[in-house]
*Asks:* 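Quick one: the structure is below, questions incoming.
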Amino acid sequence: MNCLEVQESLAAYFDGEIAADVRSVMETHLGQCSACTRDLAGFKQLSVMTHALQTPPPPDSLWAQIEQQLDQRPLAVSVERPRTWASLAPRLFALAATVIVAVGLGSFIHDSWIAQGEHDQLVVEFGQYVDGFRRDPIAAQQIFLAKYENQLVDPQQAIQHVGYHPAVARGLPEGYTLVSTHVVTMPCCTCVQAICKRSDGSTLAIFEHDENQTIDWFGDSPETMTACHNKQCCFVQLDGQLAASWRQGTRHITMLGVENVAEVSQMVAWMDESKAP
Amino acid sequence: MVDAAVLAGCRSCERGAQQRLYELSHRQVYRLMVRMVGLQDATDVTQQVFLQVFRKIDQFAGHSKFETWLYRLASNEALQHLRKGRRWKFQPLTQEPVSRHASEEDRNENKELIERALSKIEPELRAIFVLREIEGLTYREIAEAIEIPEGTVGSRLNRARRELQQHLADLGWEP
């Protein structure tokens, strides 16, 4: 066998899915060919990296959700997908056609100025966080915190670091649990970042920072303005994920991993109604 | 393993049998979904898979293992989900992250890199790779799950692995 023939069967050889006689011929070739041996070692390394990936357990509530669906609809009817961005997109795009997209996340730029290179790096790094957040929020959070100076704080004591009580210090709406609160020093701003869990186990990140600080985290991502509980909110679609930002008093709130407009409306209403201490 | 009694119960829409089938198989479906559609959507798509399983259980003729049929439904559901516009897309890394906790970050970076590389290959190649490397299916089982000829599984795994290696290299990974 020559290198080309060995390369074509390398996966089957690696996976033990090859006839014994062919295997023997390939072993002879691999014993003499450093290039093919190197490729085989690459497959092994890839396999080791893949096996190191960990998957969290499914949420405990999953069977209850399935059972609820089974109770609600006949099995013969095709099932509707709950709370997906895909189902939300047409509505948001329709809104985009009628709403002037003038003020967005990118326009919350004020006196604080950072160099373009630093800004570009921030957008890239935040993009990495966003990418990772969708797949594995816990791992993404670890990487995010490793990049910036931060301090794990009790939300009630965050005022000592940022000069105000963050919104999460007043609790969260029903159905949400606060997992952690960090004060994070980024090149653009010092913000309070809260990681929250929904009852289905999915994760939401809430960032809060002073209104006079820059937060151009999403680069050129398309923005859509829409009203949530009488407040103009800026939505950014992030390749299968949704972020929303709005002004809350003298601060800005940015939520990452939101489900839909209704969830943002609920959060805005809750923050409006809860009194700052 | 899902046995004949559980399957018979599911065909009769017995809730206890459905729950038993779920308990026996939901972890592997969820694991596949996390790798195929991402953690945030894995719960929703897993839910859809089991609703499809219970809806289509009469179509399982027993020619293959139930688990292989389940992987076929799960793979189809994941691919359909991704085709509906929720395919991952990532910005390339242009700058090295600042590392302040080297060993922990190395581990996290490796994990992040392989996940990013996985997200960049075609969903069908990703499914084949995950079914082999994480779920441990044989080539025959993968062929049945993805509905492709068994003879093409090896060549597609070859392609998946080479594309993953290339993406890892592009992302700055060094062996």
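Within every chain, numbering begins at 1; the chains are lettered A, B, ... in the order of the sequence lines, protein sequences first and strands thereafter. Just so we're clear, the structure is a prediction, and the values are computed from it rather than from any experiment.
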*Asks:* Can you tell which part of Gln19(B) gets under 4.5 Å to a heavy atom of chain A, answering side chain, backbone, both or neither?
*Replies:* both
*Asks:* Indicate whether the side chain of Arg31(B) and that of Gln28(B) have a donor and an acceptor atom separated by less than 3.5 Å.
*Replies:*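 Looking only at side-chain atoms, Gln28(B) and Arg31(B) do not form any donor-acceptor pair under 3.5 Å.
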*Asks:* By a 4.5 Å heavy-atom criterion (distance strictly below it), what part of Arg132(B) contacts chain A: side chain, backbone, both, or neither?
*Replies:* side chain
*Asks:* Between chain B and each of Ala52(A), Ala41(A), Pro59(A), count heavy-atom pairs under 4.5 Å; write down the option with the most.
*Replies:*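 Answer, by heavy-atom pair count under 4.5 Å with chain B: Pro59(A).
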*Asks:* What part of Phe133(A) is in contact with chain B, defined as an atom under 4.5 angstrom from a non-hydrogen atom: side chain, backbone, both or neither?
*Replies:* both
*Asks:* Looking at Gly16(A), Gly42(A), Ala140(A), which has the largest count of heavy-atom pairs under 4.5 Å with chain B?
*Replies:*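 Looking at each option in turn, the highest pair count goes to Gly42(A).
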*Asks:* Out of Ile114(B), Val130(B), Ile134(B), which one racks up the most heavy-atom pairs below 4.5 Å with chain A?
*Replies:*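 Heavy-atom pair counts peak at Ile114(B).
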*Asks:* Are Glu115(B) and Arg35(B) within salt-bridge range, i.e. N to O under 4.0 Å?
*Replies:* yes
*Asks:* Step through it carefully: locate the ring centre of Tyr30(B), locate the ring centre of His26(B), and say whether they are under 6.0 Å apart.
*Replies:*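 Not under 6.0 Å, so no.
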*Asks:* Kindly state whether the ring of Tyr22(B) and the ring of Phe54(B) have centres lying under 6.0 angstrom apart.
*Replies:* no
*Asks:* Quick check: closest heavy atoms across Thr185(A) and Tyr148(A), and the distance to 0.1 Å?
*Replies:*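 Result for this residue pair: O-CB, 3.5 Å.
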*Asks:* For Phe207(A) and Phe144(A), take the angle between the two ring planes, folded into 0 to 90°, and tell me which bin it lands in: parallel under 30, tilted 30 to 60, perpendicular over 60.
*Replies:*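 Ring orientation of Phe207(A) relative to Phe144(A): perpendicular.
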*Asks:* If you count heavy-atom pairs under 4.5 Å with chain B, which of Leu62(A), Leu10(A), Asp15(A) comes out on top?
*Replies:*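 Winner by heavy-atom pair count: Asp15(A).
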*Asks:* Given that the side chain runs from C-beta out, which part of Pro57(A) has a heavy atom under 4.5 Å from chain B: side chain, backbone, both or neither?
*Replies:*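 Just its backbone gets close to chain B.
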*Asks:* Side chains of Tyr129(A) and Gln141(A): any donor to acceptor distance under 3.5 Å?
*Replies:*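 Result is yes, a qualifying pair exists.
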*Asks:* Does any heavy atom of chain B fall under 4.5 Å from the side chain of Ser9(A), the backbone, both, or neither of them?
*Replies:* backbone
